[in-house]
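Since the structure comes first, as structure tokens, the remarks are kept for the end.
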Amino acid sequence: MAKRQPTLPRRVVADESKGPLENSIFFIATTILSRRNLPRRAVAGVSGGPSPDRGRTVEGDRHVDERIDLPPAGPTAPCGGRGRRGTIPVPNPSDRPPLPMFEPVRGQPDFPSLEASIAAWWREQGIYQKSLDRRRGAKRFVFFEGPPTANGLPHPGHCLTRTIKDLYPRYRTMRGQYCERKAGWDTHGLPVEVEVCKELGIHSKAEIEAYGIEPFIHRCQESVWRYMKEWETLTERIGFWIDLSEAYVTYHQSYVESVWWALAELFDKGLLYQGHKIVWWWAQGGTALSSGEVGQGYKEVADPSVYVAFPLLDDQGRPTSRSLVAWTTTPWTLPSNQFAAVKADLTYVVVREVGAADATDYVVAEPLAAGLAEKLKKEFEIVERLPGSELVGRSYLPPFDTFRPAGPPATALLASGRPEPVAWRVVAADFVTTDSGTGIVHIAPAFGEVDYTVLVAEQARFAPGEGPSLINAVAPDGSFTDIFGMGSGRFVKDCDRDISRDLRSRGLLVHQEQYVHDYPFCWRADSDPLIQYPRQSWFIRTSQFREEMLANNARIDWLPEHIKEGRFGNFLETNVDWALSRERYWGTPLPIWVCEQSGRAEAVRSYADLLAKPGVQGTDRFARAKASNPGLSDDLKVHKPYIDAVTYDSPFAPGARMRRVTEVIDCWFDSGAMPFAQWGWPHSGAADFEAQFPADFISEAIDQTRGWFYSQLAISTLLFGSAGRPYPHPFKTCIVLGHMLGEDGQKMSKSKRNYREPAEIFDRYGADALRWFFLAGQAPWTSIRYSERAIKESVPEFLLRLWNVYSFFVIYARIDGFDPGSLLAEPGMLDHADLALARGWRAVEDRGELDRWMLSELNAVASAMTSKMDAYDHFGAAQQLSTLVDAVSNWFVRRSRDRFWASGRADGGPETNAEKLDAYWTLYETLLTIARLAAPFVPFTSEAIWRNLAGAAFSGRAPESVHLTDYPSGNVALVDRDLVRRMAVVRDVASLGRAARSAEKLKVRQPLSKVEVILADPRADDAAWLEAHADLVCDELNVKQFEVCGEPDRYITRAVLPDLKKLGPKLGKDLPRARDALARMDATALLHALATAGRAEVPLAGGGIAVVENEDVLVRTTAKPGWAAAEGPRAVVVIAKELTPELIAEGLVREVVHAVQTQRKALDLEFTDRIELGFETDSALLRAALETHLDSLAGETLATSVTFGPIAGGAIEALDIEGHPLRIHLRK
RNA sequence: GCGCGCGUAGCUCAGUUGGUUAGAGCGCUACCCUGAUAAGGUAGAGGUCCCAAGUUCGAAUCUUGGCGCGCGCACCA
């Protein structure tokens, strides 16, 4: 049990003397003590310089060292006389050492401008380069930058990726690895061409060619760098350390040649082939798209959906009254109809409208007949039922006679020699389903992959050369050819309406409706719908490598894990050959030269390879261009149109020339080749490539699943899979980031303006605020709602709190002369061991408990953060860090205030107060370590802290940047787990005490006589420890006395609960009975038995005995009703709610003090302004209370005089103090 | 349609191999502090852990089936 010291006021009063006063005036001349310890300064006036953040001197703030006794006067006892003198450290400039070692810190940090100056300093000092230099030769941490395209503006999503991409390399560098970060730019492809077209006000390929490919390419190359400035600004502003000066660029000659090498390898292995396929075709752009690109452009749209009658023909080829009904959502494909497909084993019905004598009979699949009737709002009767197989072979009239001559069906000879109609005939196909439509599928082989397979199958049935050929009424530009006059020259989708109208006029349109579905559009020109279209295209045989790619995928560490088996795995499972070629202009030219005579082809691996060919001609095309425009980039010589001009002698046919195919390639191949192409490998950079493949770490958003993640894996697997490399997969760990959403939770969209530009966020809150929001706000793979409010709120929670602690430290260190630079000659890296060499440094075991606790927490967190970061869990690590900063701010600093305010100095000189110095060393070490722990997360703020605490203090002897230090991994020797646990108990007790007060409506201002605590588990030996910390608890809870309760049974009941996690596996089904038995047993006896014997037997209802050991049970404590108690898992806290007159009086006085303070604040008084007070009250009780505590009251409020009665010229406030009326007069 | 993910406090989100009283921040209410001060702190209220069934001694957590949302896919003719 410990007695609480009386609460002593902490404020000082001036030493101005007043003359003798009237009866009712009390003259206060005593300096009221603020500390229990010795006077702060030995000599009056030695109180330090100006508060550095305030910068003003306070007149009359000298310390009073002599005690002035009050004259006994008035009806009440005089105040004063109790306690000792002390002062507050209100600083005075004249008596401070002139050289404060830490720069003063602004209490209101301006993070944006702070960051700007740090970014500039990094640049000037080359800190990034230095961070690499100090790790040269160390184990590498390989990072690949997925190239963004500089051709568009950076948006918030890029801020996230750049933050994550910065975090891990910074962390690993601090951990001792060597991590070069090479930037890269994706520069080819449609996006660029689209931009240039917009600029020129043109759209189609014809217009580009009319403009001229050569100037067009020049514009593309310039356009690539349009937003370079913005990208560079963003990169520096967000603190993304990457080497932009050495960036790889996909259009550079060396990069292109690496890609050529890769393609040549594939060609030589037979993995690159030209095929005639139905592809997704961007008609306006005149090129095919790969599945990755198509996937980017799906939109939900409503298309016309038509049910069309195909009249069946009889054996003589004459129309009958029966019609097949086919369904399609692409009416524009009907003119190119070639077959109708049914499922052979499906039942079809012939239906006729009830009561309509001349109606046509419709043939549909039976399960869909009712649905069709409903759509038509007609009643049908079934005339006939037949299997699909009976329909097969029947001829019909296509909806348009585009390709069909009038008259009976034309026939050709089958392979068997029998004639059969070539087209417009019912065929059987397995893919026909009854999910939608009519069960009869309109087949237009030009516009669908399965349709095309039908044609191929049909062709195979006929004698060679006899079968159906592909019919197609659509030109590559997406318009109908003249063969379909109605739509000639118009874009096919624009003709849908006319087609329906025409069908209706001829009685062939059975039904029409809108059909809502997802349909692909061009990913760069999103108003251009794609169409399926037959094209010659170059493909990579990726589908042959499905198993290898899956095996490589299995070895990638995906975060989140489900990407591996889920989205990415599924994508690989359904892999199709990569449609590689693009019939465009600005891209890596496909390095295949074809013999103009024999058609045989070969691939070229480099420009030099090409120049070495026999009879090379055409290189002068570029030379001439260069001559007339010396500024022309040499890289363009491997681009269209220059490369197309280069020809050479064919090795396949004498006298023939080899000419390059016209296509360029999919720019995703460029990005996927990045692991080697960034070095120009294999033509150059062998050492770099060998050292930096595969990547340890990459990270991009989930939309790269079939983009960069796939292109890298596919290329790596195909090229290196059999080469015996340990990792054919190009990256070991990949963090897949979630999508970023706008303020409203919807997709971010420029037009909706539902997000703030990054620049705006940087200017308002700073890059660290944004980084912390990303890193500590949520798991990185959840979709992040990018809201200004959330970013703003993330600032006070962590950054500001850390800053406040830092600023607190600096303010007081300056006052007390704590100067590590003068105490420590060789700071090293300012690790614990380095600090131990300092003068005045005491070993941790010799310091106070709070210090030992702080360093325990610090090192425990450092070690936890390290293991989390090693496992790429920055979110968990950030939470640890946040909790640590909270512990520093809300426990260490709060509980250490006494020491910081104590008398004595912290400069290692004769006046040094050792406990105070301990507090400084502890907080100093803690802040330095936190700066290092936080450095990868918030590189600017931690740098600012480091540069002051370590840089300024040691004038360059310590590492100049926090990023040039090692990451603290935690010193186990400094972690006292018991202490950490027990301190948590104290904090619990304090918190429970407040809760108990709150429940009883006993505000903390009201002093209470006693608080008792009952620890939940009496077996723990924390009780004595806790009792030894009574002062602390009393102080926190404003009570006079604290004890660990000796008679817990008065207040609480104990219950012994099974530790389910331990007993569950042991007892299984018996668990509920054991639990019941435990509940019924006498807890005290049981606990006693466990404590002595270590085990107890618990008889179970219905027979049997469970043996319970000490660690199998937990104790729960419940407060009995009637007490002011609060219970938590670890303790119950009971407060004495009885109030004695003395306590009430003290409480009332504190209320009055509070009222006066509020008034002071309302009057805008400086905190050092002296006041005169007058009290008027009818309450004898209140007056008595005030009189009793007049000294402390005056001290707290800096009153030089207190009068009972009005005073002239003062501010007046009428109040009710706990039911007692009071008028307060206050005069400055 | 298929696949993946998500659904927890008014809002934004945590919740580690299933375990006893489900957490944080913001907002709200009350309070404290006024020597970090246009800051800071404490406490409280607030929950059908989307619904249902199942597995289990025990489910926010595992399984199945719904519902809702997001994303992805494509033989949506």
Side-chain angles (χ1 to χ4, degrees), chain A residues 10-11 34 51 53 88-90 107-108 291 294-295 298 326-330 333 341 429 431-433 435-437 440-444 447-451 453 515 517-520 560 562-563 565-567 570-571 574 702-703 705-706 738-739 741 745 747 777-779 781-783 785 787 789-790 793-794 796-797 800-801 803-805 807-809 811-812 875-876 879 882-883 889-890 893-894 897 900-901 990-991 994-995 997-999 1001 1003-1005 1036 1038 1057-1064 1067-1075 1114 1116 1127-1129 1154 1157-1158 1160-1161 1167-1168:
Chain A
R10 285 178 174 163
R11 210 145 309 92
S34 67
S51 175
D53 57 337
I88 58 163
V90 174
Q108 295 273 287
S291 63
V294 175
Y298 275 87
W327 176 63
T328 181
T329 56
T330 50
T333 61
F431 59 78
V432 177
T433 66
D435 292 342
S436 56
I440 297 174
V441 176
H442 145 65
I443 300 290
F447 310 115
E449 218 174 311
V450 285
D451 303 49
T453 62
Y515 184 74
H517 63 160
D518 287 332
Y519 193 86
H562 60 75
I563 299 288
E565 300 292 324
R567 196 163 287 200
N570 287 341
F571 176 61
T574 59
I702 191 163
D703 53 11
T705 306
R706 41 186 48 215
H739 262 130
L741 307 173
K747 241 185 186 159
Q778 56 272 306
W781 40 82
T782 57
S783 43
R785 193 181 295 192
S787 87
R789 191 178 63 88
E793 283 168 2
S794 76
E797 187 182 317
L800 205 52
R801 189 180 273 166
W803 192 268
N804 277 331
V805 174
S807 135
F808 174 94
F809 169 83
I811 287 169
Y812 286 100
F875 177 59
Q879 284 179 324
S882 192
T883 308
S889 172
N890 293 328
V893 169
R894 178 186 160 94
R897 283 183 158 164
F900 287 114
W901 296 338
S991 166
R994 281 184 214 104
R997 294 188 79 116
S998 174
K1001 302 223 183 310
K1003 48 181 79 163
V1004 183
R1005 268 200 294 271
E1036 284 289 314
N1038 189 21
L1057 300 174
D1059 185 339
L1060 297 173
K1061 215 168 182 169
K1062 302 228 173 71
L1063 268 184
L1067 297 182
K1069 277 188 195 303
D1070 288 335
L1071 195 69
R1073 288 191 293 151
R1075 186 174 49 200
L1114 303 167
R1116 177 184 301 171
E1127 59 194 49
H1154 180 240
Q1157 301 292 25
T1158 311
R1160 282 185 66 110
K1161 199 171 180 181
F1167 78 91
T1168 47

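Being a predicted model, the structure only gives us computed values, none of them experimental. In what follows, chains are A, B, ... by sequence order, proteins preceding strands, each numbered from 1.
- Across all strands shown, A:A779 has heavy atoms under 4.0 Å from sugar-phosphate atoms exclusively, and none from any base.
- The distance from atom CD1 of A:I563 to atom CD1 of A:I702, rounded to the nearest 0.5 Å, is 4.0 Å.
- Note on A:T329: a side-chain N or O is less than 4.0 Å away from OP1 or OP2 of B:rA77.
- Nucleotide B:rC76 holds its P atom 19 Å from the CD1 atom of A:I440, rounded to whole Å.
- Across B:rA36, B:rA14, B:rA43, the shortest atom-to-atom separation from the side chain of A:Q778 is found for B:rA14.
- For B:rG58, there is no paired nucleotide, since no Watson-Crick or G-U wobble pair has both relevant distances below 3.5 Å.
- As judged by a 4.0 angstrom heavy-atom cut-off over every strand, A:T782 is placed among residues touching the sugar-phosphate backbone only.
- Set against B:rG41, B:rA77, B:rA36, the side chain of A:N890 has B:rG41 as its closest nucleotide.
- Nearest nucleotide to the side chain of A:Q879, out of B:rC76, B:rG41, B:rA14: B:rA14.
- Taking CG of A:N570 as the start and CD of A:E565 as the end, the distance is 8.5 Å to the nearest 0.5 Å.
- Within the structure, every side-chain polar atom (N or O) of A:R994 is placed at least 4.0 Å from both OP1 and OP2 of B:rG41.
- Side-chain nitrogen and oxygen atoms of A:R706 include at least one within less than 4.0 Å of the OP1 or OP2 phosphate oxygen of B:rC73.
- Within the shown strands, B:rC73 is the pairing partner of B:rG1 under the Watson-Crick or G-U definition, both distances less than 3.5 Å.
- For the pair A:V893/A:N804, no side-chain contact is recorded, criterion being any heavy-atom separation below 4.5 Å from C-beta on.
- Taking a pair to require two hydrogen-bonding distances under 3.5 Å in either a Watson-Crick or a G-U wobble arrangement, B:rG68 pairs with B:rC6.
- Contacts of A:A995 with the nucleic acid, taken as non-hydrogen atoms under 4.0 Å apart, involve only primed sugar atoms and P, OP1 or OP2.
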Derivation and outcome, side chain to side chain contact (heavy atoms under 4.5 Å, CB included), residues A:R706 and A:R567
CA-CA 9 Å; A:R706 41 186 48 215; A:R567 196 163 287 200; over 6 Å; no
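- Comparing B:rA77, B:rA14, B:rC33 by their nearest atom to the side chain of A:H1154 picks out B:rC33.
- Between A:S991 and B:rA43 there is a side-chain N or O to OP1 or OP2 distance below 4.0 Å.
- Ring planes of A:F808 and A:F900: perpendicular class, angle over 60° (limits at 30 and 60°).
- Side-chain proximity of A:T330 to B:rA77, B:rA36, B:rG41: nearest is B:rA77.
- Using N1 to N3 plus N6-O4 or O6-N4 for Watson-Crick, or N1-O2 and O6-N3 for G-U wobble, each under 3.5 Å, B:rU20 pairs with nothing.
- If you check every strand for non-hydrogen atoms under 4.0 Å, A:G876 touches nothing.
- Under the Watson-Crick or G-U wobble criterion, with both distances below 3.5 Å, B:rG44 is paired with B:rC28.
- Side-chain contact check for A:R997 versus A:N1038: some heavy-atom pair is nearer than 4.5 Å.
- One donor-acceptor pair, N or O on each side, does fall under 3.5 Å between the base of B:rA36 and the side chain of A:R897.
- Note on A:R894: only backbone sugar-phosphate atoms sit closer than 4.0 angstrom, heavy atoms only; bases stay farther off.
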If a protein heavy atom is under 4.0 Å from the base, mark B; if only from the sugar-phosphate, S; if neither, -; do that for nucleotides 56-71 of chain B going 5' to 3'.
-B------------BB
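- Taking every side-chain heavy atom of A:V450 into account, B:rC75 is the closest of B:rA36, B:rC75, B:rG41.
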